[in-house]
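What you see is a predicted model, and the numbers here were worked out from it, not measured in a lab. Heavy-atom basis, side chains included; hydrogens, waters and symmetry copies ignored.
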Amino acid sequence: MSHSETPLRRALSGRHMTMIGLGGVIGAGLFVSSGAVIGSAGPAAVVAYAVGGLLVVLVMRMLGELASAHPDSGSFSRYAELALGRWAGFLVGWSYWYFTVAVVAFEAVAGAKLLGVPVWAGAPALLVALTVANLVSVRLFGETEFWLASAKVAFVVGFLAVGLLYVTGLWPSGGVGLSALTEHGGFAPNGWGAVVIALVTVLFSYFGAEIVTIAAAESAEPAREVARATIRVVWRVLIFYVGSVLLIVAVVPWEQIPVDGTASPFAVAIERLGIPGAATVMNVIVLVAVLSILNAGLYGASRMLMSLAERGDAPAALARRTASGVPSRAVITGSGGALALIIGASLIAPEQIFTLLMNCSGLLTLVLYIFVAVSQLRLRSRTEAAPVRMWGHPWLGSAVVALLLSVLLAVTLSPGAAPMVAVVAGSIAVTLAAYAVRGLLHRKRIDRSETPVAPRP
């Protein structure tokens, strides 16, 4: 058997799957970017995270139904292809790859800054370290992600416990209650429109739980494990995000929370709780989060690219796997793409470019969620035996599509959204143009192969 035919190793256990899902979504989006959401929406940021979280719960339920019935490394890209046609799988797969490579680049830069080393040296070093972890074996990736995610989960659980003691008066210096939610300009000081706009950043923060459905193809019992993991992950993530943000705005007046990422809202809250070394603790936790997201991002990007290659939508060489079942060329391509983005951004304007990319990723997340929801509605007849079933089919699923479209329209028409709308629309147009060119070249190859060759005289 050639290495290109080497099957994926089913080396991920149930504990790996759960922590891969949690690790993929608990990152800088919660620990750092939540400050920007709070600065925009005030205490009503809790509503933005609750609404965004509920949407994610419903979308993940729909995706869990598809993945438990048809485990596939292409995940929602493959389901979009089955439901809507080849063009949809091509668009969704490549859009997810762009998104994930941008996230990997962003996390590598953030990690270098946290370590206090030059970005040009630190970011590539982190990329290399996590690329190696992904190249060795899927088992090593799973173990690395398990322990990194476990550290993040332990911190969030500890924060929730201490914060709850503080607001209820059971902490030595506590007893503030929830009065801070309304005392500083009201619950929604900047209006409810700001809450809707904040949903872009919120959805970007939540995006990552879907990686558990990509990993399903390499788990010991794909259908069973993806069913259990999607149920466990989404509810825990919702509690972690909404609970953490609620306690932060209850402990610290919302206008005192940094919005530029210079300090984590968690660090500010921990200082208010009187816990020494808050900045150091948060630097360590955010660094762990960065490494975890970087690790998971490289994995997700490589498996999506491998799936595209297997379907003929990317160069066939990218589907080639090592003897241990790792798509090494796809891993290296994703890492190389992130490195190119880091270098390009550092030569132009890194802060502005990464801020724009992250906002664009949030908008693209909405688009991908719409494809997932539509795919589930269209493929229901093929998932009758799935261990995970979407509630209230088809009415609740249709409501999810309508709500996602409404949020997409509201965000698109909001003030200041033009740059990110232009970038996302441009990337979609370029991807669809690439699909059209691919189809044209494919037809020409078929025509040439079918043209009869005239016999020699």
Side-chain angles (χ1 to χ4, degrees), residues 8-31 73 75 100-101 103-112 114-115 122-157 207-220 225-226 229 232-233 236-237 283-306 321-339:
L8 293 170
R9 295 286 188 265
R10 298 190 181 278
L12 298 176
S13 65
R15 67 184 179 90
H16 291 138
M17 292 287 286
T18 297
M19 283 304 176
I20 285 170
L22 288 172
V25 73
I26 301 176
L30 173 62
F31 295 130
S73 291
S75 187
T100 311
V101 167
V103 169
V104 168
F106 174 81
E107 299 291 346
V109 170
L114 282 169
L115 291 172
L126 291 175
L127 266 178
V128 169
L130 274 303
T131 298
V132 170
N134 272 266
L135 286 173
V136 173
S137 69
V138 67
R139 179 77 181 186
L140 180 59
F141 156 76
E143 283 297 323
T144 302
E145 191 60 20
F146 175 83
W147 291 109
L148 290 173
S150 295
K152 292 188 294 184
V153 170
F155 170 80
V156 174
V157 170
F207 205 66
E210 82 296 331
I211 198 171
V212 75
T213 65
I214 295 175
E218 294 177 87
S219 64
E225 294 300 345
V226 77
R232 292 172 177 174
V233 167
R236 291 177 187 179
V237 166
N283 280 341
V284 172
I285 291 299
V286 174
L287 179 60
V288 169
V290 162
L291 294 175
S292 173
I293 298 294
L294 206 164
N295 187 47
L298 284 171
Y299 174 85
S302 66
R303 270 47 179 189
M304 185 61 74
L305 191 57
M306 178 193 71
R321 292 185 282 273
T322 64
S324 58
V326 174
S328 56
R329 297 183 182 185
V331 172
I332 293 170
T333 300
S335 183
L339 181 59

Q: Test Val138 against Arg303 for side chain to side chain contact (heavy atoms under 4.5 Å, CB included), laying out the working first.
A: CA-CA 11 Å; Val138 67; Arg303 270 47 179 189; 4.1 Å; yes

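- Taking every heavy atom of both residues into account, Val101 and Gly334 meet most closely at CG2-O, 4.0 Å.
- For the atom pair CG (Asn295) and CD1 (Ile20), the distance works out to 8.5 Å, reported to the nearest 0.5 Å.
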(Q) Set out, in order, the CA-CA distance, both residues' side-chain angles and the distance that settles side chain to side chain contact (heavy atoms under 4.5 Å, CB included) for Arg329 and Met306, then state yes or no. (A) CA-CA 9 Å; Arg329 297 183 182 185; Met306 178 193 71; over 6 Å; no

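- Atom-to-atom distance recorded for Leu127:CG and Leu339:CG is 6.5 Å, nearest 0.5 angstrom.
- Taking every heavy atom of both residues into account, Leu135 and Ser324 meet most closely at O-OG, 4.5 Å.
- The CD1 atom of Ile285 sits 11.5 Å away from the CG atom of Leu30 when rounded to the nearest 0.5 Å.
- For Met19 against Ser150, the heavy-atom pair with the smallest separation is CE-OG, 3.7 Å.
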Q) Does the side chain to side chain contact (heavy atoms under 4.5 Å, CB included) test come out yes or no for Phe155 and Val286, once each step is laid out? A) CA-CA 10 Å; Phe155 170 80; Val286 174; over 6 Å; no

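- Here Tyr299 pairs with Phe141 under the ring pair (Phe, Tyr, Trp, His ring centres under 6.0 Å) rule; sequence neighbours left out.
- When all heavy atoms are compared, the tightest approach of Ser302 to Ala330 is O-CB, 3.4 Å.
- Closest approach of Thr131 to Ser335, counting heavy atoms only: OG1-OG, 2.9 Å.
- In the model, Thr213 has a side-chain atom that pairs as donor or acceptor with a side-chain atom of Ser75 under 3.5 Å.
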Q.
Please evaluate residues Asn134 and Val326 with respect to the criterion side chain to side chain contact (heavy atoms under 4.5 Å, CB included), reporting the C-alpha separation (whole Å), side-chain torsions for both, the decisive distance (0.1 Å), and the verdict.
A. CA-CA 8 Å; Asn134 272 266; Val326 174; 5.9 Å; no

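- The shortest heavy-atom contact between Leu126 and Ala108 is CD1-O, 3.8 Å.
- With rounding to the nearest 0.5 angstrom, the CD atom of Glu145 is 7.0 Å from the CD1 atom of Ile211.
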Q. For Glu218 and Arg139, what are the C-alpha separation, side-chain angles and deciding distance, and is it a salt bridge (charged side-chain N to carboxylate O under 4.0 Å, His left out)?
A. CA-CA 9 Å; Glu218 294 177 87; Arg139 179 77 181 186; over 6 Å; no

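- Here the side chains of Lys152 and Ile293 are in contact, with some heavy-atom distance below 4.5 Å.
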